[in-house]
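The basis for the numbers below is simple: all heavy atoms, side chains too, and nothing from hydrogens, waters or symmetry mates. These numbers come from a predicted model, not from an experiment.
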Amino acid sequence: MTERALDRKKNGLAALVLTVLLYLAALGATIWGAVLVENSGAPWLMVGGVVWLSLGWIPLLGLKVLRPQEALVLTLFGRYVGTLKGDGFYYVNPFCVGVNPAARTKLSQSGDVTPTAVVPSASGTELASRKLSLKIMTLNNNRQKINDCLGNPIEIGIAVTWRIVDTAKAVFQVDNFKEFLSLQCDTALRNIVRLYPYDVAPNVDTTGDGVADDGSLRGSSDLVAARIRDEIQKKVEIAGIEILEARITYLAYATEIAAVMLQRQQASAIIDARKMIVDGAVGMVEMALERLSENHTVELDEERKAAMVSNLLVVLCGNHDAQPVVNSGSLY
């Protein structure tokens with residue numbers, strides 16, 4: 001089913017004026033007919049006026065007002081007749097009914113933060129607006145606990161920016177397009193995340209080309225988000241929805257392993273820092289020995305050089321400041 005736009009129905013103001021004029025004419029006809037009846041005139045004029053005053057409100061049901069970026073899908077006795085799109089004052093068949101199966105659905109998204117417009121019904125309850133929003137909306141799905149490709153449980157959340165591009169598909173192809181979109185976001189997120197490790201890991205292929213790479217959820221978030229977006233778009237094409245962007249909003253290890261992984265990261269950082277300190281200390285010792293040898297400041301044998309190197313490394317690589325010991329005697 002494809003969308004059929006009703007773009008020649010912007011005559012609501014003319015229909016409203018005509019209906020009001022007919023009401024005034026019916027009121028006048030009723031009064032004049034009553035006068036004629038009293039004078040033994042024909043009663044048909046009064047009867048026609050009374051009938052119109054009683055049923056003249058029915059054409060008013062065909063008046064529809066749309067704001068910018070709104071649409072209204074209309075059905076007539078169960079048959080799809082078209083979609084009103086664009087701001088304006090419309091007049092359609094008064095027996096046409098607007099359809100929006102997701103009107104009452106509330107999700108964690110921009111369009112559902114505030115209650116939708118409501119109109120009072122005959123029973124006193126409130127019915128949600130049947131208009132569809134064509135604006136760009138953001139769906140912030142709940143965080144999910146998913147195992148990455150190494151089996152580590154992680155918690156991840158995404159924000160998906162989307163909009164409706166085909167109102168007929170959104171209304172008639174799926175039961176509830178908001179719930180359908182939310183479910184497809186969950187499944188696509190699970191399918192893509194399980195292909196990546198949380199952090200860079202050796203011998204892991206994330207692209208499917210058979211070659212290990214450096215892809216990871218933490219380091220390749222843009223690439224992962226793009227793959228998630230493409231995966232969702234393939235699933236929701238049938239519902240007339242366009243996915244504009246998908247972004248990772250939350251990423252962390254699950255609580256049961258977060259403390260262990262934090263210790264692992266701290267250990268890795270300490271090792272890297274120590275390696276840098278040792279490399280710098282060795283360079284400084286080499287420079288000191290070279291300068292002493294070039295300037296002939298002091299002549300040291302191999303044993304004294306080894307002792308000097310040991311003392312310098314202790315001073316440069318120690319966690320605390322070294323406590324110097326002054327030797328007041330001879331070097332030998």
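With sequence neighbours left out, the side-chain contact (heavy atoms from CB on, under 4.5 Å) criterion links Asn191 to Arg194, Glu231. The salt bridge (Lys or Arg N to Asp or Glu O under 4.0 Å) test applied to Asp175 returns no partner, not counting sequence neighbours. Among residues two or more places apart in sequence or in another chain, the side chain to side chain donor-acceptor pair (under 3.5 Å) test is passed with Tyr90 by none. Applying the side chain to side chain donor-acceptor pair (under 3.5 Å) criterion to Asn141, with sequence neighbours excluded, gives Ser182, Asp186. Contacts of Phe172 classified as ring pair (Phe, Tyr, Trp, His ring centres under 6.0 Å), with partners at least two apart in sequence or in another chain: Tyr80. With sequence neighbours excluded, the residues that form a side-chain contact (heavy atoms from CB on, under 4.5 Å) with Val51 are Val47, Leu55. Evaluation of the side-chain contact (heavy atoms from CB on, under 4.5 Å) rule for Asp213 yields Asp205, Thr206, Thr207 as partners, not counting sequence neighbours. When the side-chain contact (heavy atoms from CB on, under 4.5 Å) test is applied to Ile164, the partners found at least two apart in sequence or on another chain are Leu134, Trp162, Thr167, Ala170, Phe177.
Of all non-hydrogen atoms in Arg130 and Gly98, the two that sit nearest each other are CD-O, 2.9 Å.
A distance-only check finds no donor-acceptor pair linking the side chain of Ser221 to the backbone of Leu217 [under 3.5 Å]. Side chain of Tyr253 to backbone of Tyr198: no donor-acceptor contact under 3.5 angstrom is found.
Distance CG/Asn93 to CG/Leu6: 11.0 Å, rounded to 0.5 Å. Rounding to the nearest 0.5 Å places CG of Asp199 at 10.5 Å from CG of Asp214. For the atom pair CG of Leu223 and OG of Ser216, the computed distance is 10.0 Å after rounding to the nearest 0.5 Å. Atom CD1 of Ile241 sits about 14.5 Å away from atom NZ of Lys235, to the nearest 0.5 Å. How far CG of Leu189 is from CZ of Arg143: 13.0 Å, rounded to the nearest 0.5 Å. Taken to the nearest 0.5 Å, the OG1 atom of Thr19 stands 11.0 Å off from the CG atom of Leu24.
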task: Output, in order, the C-alpha distance, side-chain angles, deciding distance and verdict of salt bridge (Lys or Arg N to Asp or Glu O under 4.0 Å) for Glu245 and Arg247.
output: CA-CA 7 Å; Glu245 188 181 35; Arg247 289 293 179 184; 3.0 Å; yes
field: side chain to side chain contact (heavy atoms under 4.5 Å, CB included) evaluation trace for Val97 with Leu74
entry: CA-CA 5 Å; Val97 178; Leu74 299 175; over 6 Å; no
task: Let me see the working for Ile232 and Val160 under side chain to side chain contact (heavy atoms under 4.5 Å, CB included), right down to the final yes or no.
output: CA-CA 9 Å; Ile232 299 174; Val160 179; 4.0 Å; yes
- request: Kindly determine whether Val81 and Thr75 satisfy side chain to side chain contact (heavy atoms under 4.5 Å, CB included), including the steps that lead there.
  value: CA-CA 5 Å; Val81 296; Thr75 59; 5.8 Å; no
message: Using salt bridge (Lys or Arg N to Asp or Glu O under 4.0 Å), reason through Arg67 and Asp87 one step at a time and then give a plain yes or no.
response: CA-CA 4 Å; Arg67 293 173 293 183; Asp87 57 298; over 6 Å; no
message: Could you go through Met276 and Asp279, starting from their C-alpha distance and side-chain angles, then the distance that decides it, and tell me whether this counts as side chain to side chain contact (heavy atoms under 4.5 Å, CB included)?
response: CA-CA 5 Å; Met276 184 179 298; Asp279 291 341; 5.7 Å; no
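Chaining together hydrophobic side chains whose heavy atoms lie under 4.5 Å apart places Ile136 alongside Leu244. Grouped by direct or indirect side-chain proximity (heavy atoms under 4.5 Å, Ile/Leu/Val/Met/Phe/Trp/Tyr only), Met287 sits alone. Side-chain heavy-atom separations under 4.5 angstrom define the hydrophobic clusters, and the remaining members of the one that includes Val204 are Leu150.
In terms of hydrophobic clustering, with Ile, Leu, Val, Met, Phe, Trp and Tyr side chains grouped at heavy-atom distances under 4.5 Å, Trp57 and Leu21 are assigned to different clusters. When hydrophobic clusters are built by joining Ile, Leu, Val, Met, Phe, Trp and Tyr residues whose side-chain heavy atoms come closer than 4.5 Å, directly or via intermediates, Leu76 is grouped together with Leu61. Leu66 and Leu13 fall into different hydrophobic clusters, where Ile, Leu, Val, Met, Phe, Trp and Tyr side chains are chained together by heavy-atom contacts under 4.5 Å.
A 6.0 Å sphere centred on CG of Leu183 holds more than 12 heavy atoms belonging to other residues, nucleotides or ligands.
Arg227 and Tyr196 are linked by a side-chain donor-acceptor pair at a separation below 3.5 angstrom, with hydrogens and angles left out of the test.
A side chain to side chain contact (heavy atoms under 4.5 Å, CB included) with Ile158 is found for one member of Val224, Leu251, Ile192, Ile228 and no other, namely Ile228.
At least one side-chain heavy atom of Val99 sits under 4.5 Å from a side-chain heavy atom of Pro101. Contact annotation: the side chain of Leu60 never approaches that of Pro94 to less than 4.5 Å [non-hydrogen atoms, C-beta and beyond]. No side-chain heavy atom of Lys131 sits under 4.5 Å from any side-chain heavy atom of Asn100. Contact of the Ile156 side chain with the Ile146 side chain is registered, since non-hydrogen atoms from C-beta on lie closer than 4.5 Å. Looking at Leu72 and Thr83, their side chains never come closer than 4.5 Å, going by heavy atoms from C-beta outward. In this structure, Val73 and Leu132 have side chains that are in contact, with non-hydrogen atoms separated by less than 4.5 Å. Residues Asn11 and Tyr91 are in side-chain contact: their nearest non-hydrogen atoms beyond the backbone lie under 4.5 Å apart. The closest side-chain heavy-atom distance from Leu181 to Lys178 is not below 4.5 Å.
Using a 4.0 Å cut-off between charged side-chain N and carboxylate O, Lys85 and Glu3 make a salt bridge.
Residue pairs that meet the salt bridge (Lys or Arg N to Asp or Glu O under 4.0 Å) test with at least one member in residues 153-173, sequence neighbours left out, are Arg163-Glu242.
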